[in-house]
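Have a look at the structure below before the remarks.
So you know, we letter chains A, B, ... as the sequences are listed, proteins then strands, and number each from 1.
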There are 2 protein chains.
Amino acid sequence: MNRRDEIVAAAVGILEAAGPEALTMRRLGHAVGMRAPSLYKHFASKDELLAALQEHALADLGAALERSGGTVCGLARAYRTWALAHPALYDLAMRHPLARHRLAPGVEEAAAAPVVSAAGGDVDRARAMWGAAHGLVDLELAGRFPPGADIDAAWAETIRLFSMGTAQ
Amino acid sequence: MNRRDEIVAAAVGILEAAGPEALTMRRLGHAVGMRAPSLYKHFASKDELLAALQEHALADLGAALERSGGTVCGLARAYRTWALAHPALYDLAMRHPLARHRLAPGVEEAAAAPVVSAAGGDVDRARAMWGAAHGLVDLELAGRFPPGADIDAAWAETIRLFSMGTAQ
DNA sequence: ACCTGAACACCGTTCAAGT
DNA sequence: ACCTGAACACCGTTCAAGT
């Protein structure tokens, strides 16, 4: 484990334990035993650090989807569960433009593959499914549904629609 | 137009012209002819200002949906068009918890009504539609789809699914 | 009642200097 | 090659003071 990976691991730890606003260069430096300016010997900017975290998040989510079975329902369940368990990483993975030239090759495709497969190979339908799942997750994470809203029922309705005309 | 509304209007102007990171208390003060600390005579905090902007956004989006005709397709078109035209206000409207006790009564319901109506009165289906639309819009605004992705086609597929079993 | 300048505790980032 | 302290240009916010 080189210094760069150590820093990424520490950043993940801060993100999971204390949320995105806690991830400052000074605090991250402290976590790995150096001052903030020294971090710039390992990452050109905080954005480059965030790109590394995004790659980590995408790989981890992709692996969770891979394990989900492959049905629309299983996929949806795995997607929502992962997002709720890792809200800050989910935000990084889905709400920042991908620095595709810096991303390890295949990471984006690997995360997308189970969705495309559940959509029967139709990429437009896969993106519709992605959009629906992302929207429900994002609204839930934002605390934006009215109090008492039955989020499970909204998911069930979404899953029902996207299961129609899909080989299960 | 009282001072409070003047400040909100100036904030909307900054948001639309220069994006969310440009909306600082110092710059907003400058736009309305005072120093940043004076803004705190009108708003207790920046969060309270953002809540006022959220209400403004919700009312404006609600009016746009009202004018959309009422079909799933028309509604989806109006939703996406408004969001792409007002990305910063859209983010405020949908990605921050609603301060419902401070919101003018009826604003949230008015924005939701056209969607619930298009869903035939089924609130779970309405939330599924909201989630799907929000997800597609949010991924598009984040620049998260791969280059060359046919976003129109993903919308078309989503609209097709949500039009099934809905009286048009 | 409304506005001000000065200050506080933070940010990300740069840079000359040390080893 | 790696790390440091000091500094810069920002934040949101507080507060004593002025009118």
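B:L98 and B:V116 fall into different hydrophobic clusters, where Ile, Leu, Val, Met, Phe, Trp and Tyr side chains are chained together by heavy-atom contacts under 4.5 Å.
Per the geometry, CG belonging to A:L39 stands 13 Å off P belonging to D:dG5, to the nearest Å. For B:R3 and C:dA1, the CZ to C1' distance is 12 Å, given to the nearest whole Å.
At the phosphate of D:dC3, neither OP1 nor OP2 sits under 4.0 Å from any side-chain N or O atom of A:R35. Contact check, A:H42 against D:dC3: a side-chain N or O comes under 4.0 Å of OP1 or OP2.
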Requested in this report: Could you run through nucleotides 7-19 of chain D and give me one letter per nucleotide, 5' to 3': B if any protein heavy atom sits under 4.0 Å from the base, S if only the sugar-phosphate is that close, - if neither?
Outcome: B---BBBBB----

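When side chains are defined from C-beta on, A:L53 counts as touching A:L15, because their heavy atoms get closer than 4.5 Å. The side-chain heavy atoms of A:L89 and A:W82, taken from C-beta on, include a pair separated by under 4.5 Å.
Checked by atom type and distance alone, the side chain of B:R144 never pairs as donor or acceptor with a backbone atom of B:D138 at under 3.5 Å.
With a 6.0 Å radius and a threshold of 12 heavy atoms from other residues, nucleotides or ligands, A:R95 has its CZ atom above the threshold.
You'll find the ring centres of A:W130 and B:F145 inside the 6.0 Å limit.
In DNA chain D, runs of at least 3 stacked Watson-Crick or G-U pairs (N1-N3 plus N6-O4 or O6-N4, or N1-O2 plus O6-N3, all under 3.5 Å) give these stems: C:4-8 with D:12-16, C:12-16 with D:4-8.
Of the charged side-chain nitrogens involved, at least one lies within less than 4.0 Å of a carboxylate oxygen, so that B:R4 and B:E48 count as a salt-bridged pair. Salt bridge present: A:D152 and A:R80 bring a charged side-chain N and a carboxylate O closer than 4.0 Å.
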